[in-house]
Amino acid sequence: MSTQPATAPLLIACALGIEHLALRTGDRVGAGGPVTLLRTGMGPKAAERSVTRRLADPALAGAAVLATGFCAGLAPGMHPGDLVVAEETRDPDGTVPCVETDLLVKELVRAVPGRTVHTGPLAGSDHVIRGHERSDLLATGAIAVDMESAATLLSAVRAGEHPVAAVRVVVDAPQHELVRIGTVRGGISAFRVLRSVLPAFHEWHRSLLLPRR
C-alpha cells in the first residue's frame, strides 16, 4: 500500500483570461491540499512551457494536475455548457490516460446539476477547429478538442509522477460554431458552469490523497 503526501498540491491549469476569471471567482480552498491556479496562455506550446516551468518548483513535487477551460464539442447533440471529462488526451506528441474519471463525472453531476457530462478522448490541436476538421477528429473517436489539455497533461507526466485529468466546458459545438475565439466572452452559460466546477475538482484531488492498495 502506498500513499501520496497528505499535503500533495493540486495544480489547475487554464489558458485564457476569461477561464482564469471564472475559476478564481470560485472557492479554491479545497479539502485535499493547497491549490495553485495557473494561466498558461493559449496554445500547446505556451501550455507546455508554462506547466513544465511551474512543475519544476519543488513545492509542486507530486502535484495532481488538472487541465480545464473551454473546448469545442465534436459530437452531434453537444451544446454550450455541456461538460467533457477526458478519459485520455491525445495529440501528435502522445496519448495520456486520465485518472479517476468516474469520480470526476459523479462529482460534476453533483456540482452542476442538470448539465450533461460527456466522457471520451479529448483531442489536442494547435488552432481553432472548424468545418470538416471537426468531423475528421470525430472520426478518430475524439468527442471534443481544445488547444492546451493534451500539452498540459503530457508535460505533467514527463515532469514526474503526477496524477492527471482534464475537464472542459463546451462553448463551441457542431450546431453552435464559434466565429472567432473572442466569441468565448459571450459564452455566459459556459462561464457559469466553469465557475461551478471547483468542488468537483477538490473531491477528485481529495480522493487521490487517500491510501492506495
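For reference, positions follow the sequence shown, starting with 1.
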Closest approach of [X] to [Y] (non-hydrogen atoms, all atoms of both residues):
X: Val164; Y: Pro97; result: CG2-O, 3.6 Å
X: Pro9; Y: Ala61; result: CD-O, 4.2 Å
X: His205; Y: Ala64; result: CD2-CB, 4.2 Å
X: Ala63; Y: Leu55; result: CB-CD2, 4.5 Å
X: Leu153; Y: Cys98; result: CD2-SG, 3.7 Å
X: Cys14; Y: Leu37; result: SG-CD1, 4.5 Å

Original post:
Got a donor-acceptor contact below 3.5 angstrom from the Arg192 side chain to the Ala22 backbone?
Top reply: no
Original post:
Are any side-chain N or O atoms of Ser50 and backbone N or O atoms of Ala47, one a donor and one an acceptor, separated by less than 3.5 Å?
Top reply: no
How long is the straight-line distance from [atom2] of [Y] back to [atom1] of [X], given to the nearest 0.5 Å?
X: Asp126; Y: Met42; atom1: CG; atom2: CE; answer: 11.0 Å
X: Thr40; Y: His20; atom1: OG1; atom2: NE2; answer: 10.0 Å
X: Leu83; Y: Thr119; atom1: CG; atom2: OG1; answer: 11.5 Å
X: Leu16; Y: Leu21; atom1: CG; atom2: CG; answer: 11.5 Å
X: Leu23; Y: Arg39; atom1: CG; atom2: CZ; answer: 12.0 Å
X: Leu10; Y: Trp204; atom1: CG; atom2: CH2; answer: 6.5 Å

Joint hydrophobic cluster, [X] plus [Y], side-chain heavy atoms closer than 4.5 Å:
X: Leu208; Y: Leu60; answer: no
X: Leu66; Y: Val169; answer: yes
X: Val99; Y: Val85; answer: yes
X: Leu122; Y: Phe201; answer: no

Is there side-chain contact between [X] and [Y], with at least one heavy-atom pair below 4.5 Å?
X: Phe70; Y: Ile18; value: yes
X: Val65; Y: Ser155; value: no
X: Thr68; Y: Glu19; value: no
X: Leu198; Y: Val35; value: no
X: Leu154; Y: Thr89; value: no
X: Pro80; Y: Val171; value: no

Original post:
Who pairs with Asp57 by salt bridge (charged side-chain N to carboxylate O under 4.0 Å, His left out), at least two apart in sequence or on another chain?
Top reply: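 With sequence neighbours excluded, Asp57 shows a salt bridge (charged side-chain N to carboxylate O under 4.0 Å, His left out) to Arg54, given in chain and number order.
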Subject >> salt bridge (charged side-chain N to carboxylate O under 4.0 Å, His left out) partners of Glu48, counting only residues at least two apart >> reply: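 Applying salt bridge (charged side-chain N to carboxylate O under 4.0 Å, His left out) to Glu48 gives none.
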For residues 140-149, please give each side-chain donor-acceptor pair under 3.5 Å, one per line with the distance, not counting sequence neighbours.
residue	atom	partner	partner atom	Å
Thr140	OG1	Leu137	O	2.5
Asp146	OD1	Glu148	N	2.7
Asp146	OD1	Ser149	N	2.7
Asp146	OD1	Ser149	OG	3.3
Asp146	OD1	Arg168	NH2	3.3
Asp146	OD2	Ser149	OG	2.9
Glu148	OE2	Gly43	N	2.7
Ser149	OG	Arg168	NE	2.9
Ser149	OG	Arg168	NH2	3.1

Would you give me the side-chain donor-acceptor pairs under 3.5 Å for residues 101-117, sequence neighbours excluded?
residue	atom	partner	partner atom	Å
Arg115	NH1	Ser189	OG	3.4
Arg115	NH2	Ser189	OG	3.0

Original post:
With sequence neighbours left out, what residues match His162 under side-chain hydrogen bond (donor to acceptor under 3.5 Å, both in side chains)?
Top reply: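 If we apply the side-chain hydrogen bond (donor to acceptor under 3.5 Å, both in side chains) test to His162, skipping adjacent residues, there are no hits.
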Subject >> Listed partners of Glu87 passing side-chain hydrogen bond (donor to acceptor under 3.5 Å, both in side chains), at least two apart >> reply: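 Result, side-chain hydrogen bond (donor to acceptor under 3.5 Å, both in side chains) vs Glu87: none returned.
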